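Let me begin by handing over the structure; questions about it come next.
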Amino acid sequence: MNDRNLVRGIFLIAISLGFGLGALRYPIGHLDRAGPGLFPLMVSSLLLLIGIVTVVRTRFVKGVPLSFNFRNIAIILASLCAFALVSLLVNMIAGILVMVFCASFAASSAYSVSRNLKISAGLILVALAFQKLLGFNLPLY
């Protein structure tokens, strides 16, 4: 039996090592004058710490069996593809709506239009903040 928390911790460690080792190819600099590799190295170090704590924690808590629901994975992947396609053909706000409403079919709880609208509104506000405040070139409308 694969423990879900153990697999999660190992996955976090692998991701952090991938980004951390990639960050070492860039100059790190110093804390007073940071180089381009310092921030990804710090973030990956924190992720590595979380992964190690998660792996150690599996020794002290009861294991949760790992199961895959391939239907839900396919729904999430299809909703991401639909987001990309609708964003390209229409605009990103329509893409966000399509993604949220399609991805919610993978939820274990009942389908809720009001919940989907709230999630969509939150994601659209984040996209607007990225566009207006950070200057990202997003085709929102």
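All of these numbers come straight from a predicted model, not from anything done at the bench.
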Close side-chain approach of Phe101 and Tyr111, heavy atoms under 4.5 Å: yes
Heavy atoms from other residues, nucleotides or ligands near CG of Asn137 exceed 12 (cutoff 6.0 Å): no
Nearest-0.5 Å distance, CG of residue Leu97 to CE of residue Met92: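 Rounded to the nearest 0.5 Å, the CG-CE separation comes out at 12.5 Å.
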Straight-line distance of Leu80 CG to Leu85 CG, nearest 0.5 Å: 12.5 Å
Leu134-Ile93 co-clustered via ILVMFWY side chain contacts under 4.5 Å: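 Hydrophobic grouping puts Leu134 with Ile93.
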Crowding at CZ, Phe19 (>12 non-hydrogen neighbours, <6.0 Å): no
Arg57 CZ: over 12 foreign heavy atoms closer than 6.0 Å: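 Atom CZ in Arg57 is not crowded, with 12 or fewer foreign heavy atoms closer than 6.0 Å.
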Donor-acceptor under 3.5 Å (Ser79 side chain, Ile76 main chain):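 Between the backbone of Ile76 and the side chain of Ser79 there is a qualifying donor-acceptor contact (under 3.5 Å).
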Connected via hydrophobic side-chain network under 4.5 Å: Leu31 and Leu24: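 Same cluster: Leu31 reaches Leu24 through Ile, Leu, Val, Met, Phe, Trp or Tyr contacts under 4.5 Å.
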same_hphob_cluster(Met99, Tyr141) at 4.5 Å side-chain heavy-atom cutoff: yes
Closest contact, heavy atoms only, Leu12 versus Gly51: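 Distance-wise, the nearest heavy atoms are CB-CA, 4.0 Å.
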Step-by-step side-chain contact (heavy atoms from CB on, under 4.5 Å) determination, Leu138 to Phe130: CA-CA 8 Å; Leu138 299 176; Phe130 277 18; 4.0 Å; yes
ILVMFWY cluster, Leu66 and Ile73 together (side-chain gap under 4.5 Å):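 Yes, Leu66 and Ile73 fall within the same hydrophobic cluster.
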Donor on one side chain, acceptor on other, Arg8 and Thr58, under 3.5 Å: no
Ile13: which of Leu47, Ile50, Ile52, Thr54 passes side chain to side chain contact (heavy atoms under 4.5 Å, CB included):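 Among Leu47, Ile50, Ile52, Thr54, the one meeting side chain to side chain contact (heavy atoms under 4.5 Å, CB included) with Ile13 is Ile52.
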Taking every non-hydrogen atom, the tightest pair across Val98 and Ala82: CG1-CB, 3.8 Å
Heavy atoms of other groups near Phe68 CZ, more than 12 under 6.0 Å: no
Closest heavy-atom pair and its distance - Cys102, Ile75: O-CG2, 3.4 Å
From CG (Leu128) to CG (Leu123), nearest 0.5 Å: 11.0 Å
CG on Asn91 to CD1 on Ile96, rounded to 0.5 Å: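 CG of Asn91 is found 9.0 Å from CD1 of Ile96.
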Value rounded to 0.5 Å, distance of CZ in Phe70 from CG in Leu77: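 Taking CZ in Phe70 and CG in Leu77, the distance rounds to 11.5 Å.
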Smallest separation among heavy atoms of Pro40 and Ala23, with atom names: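 Minimum heavy-atom contact is CB-CB, 3.8 Å.
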side-chain hydrogen bond (donor to acceptor under 3.5 Å, both in side chains) between Ser104 and Asn116, worked out: CA-CA 7 Å; Ser104 66; Asn116 292 344; 3.1 Å; yes
4.5 Å side-chain heavy-atom contact, Pro139 and Ser87: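 Of all side-chain heavy-atom pairs linking Ser87 with Pro139, none is under 4.5 Å.
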For Leu49, the rest of its hydrophobic cluster, which grows through side-chain links under 4.5 angstrom: none
Connected via hydrophobic side-chain network under 4.5 Å: Phe60 and Val53: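 Different clusters: Phe60 never reaches Val53 through Ile, Leu, Val, Met, Phe, Trp or Tyr contacts under 4.5 Å.
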Phe136 CZ: over 12 foreign heavy atoms closer than 6.0 Å: yes
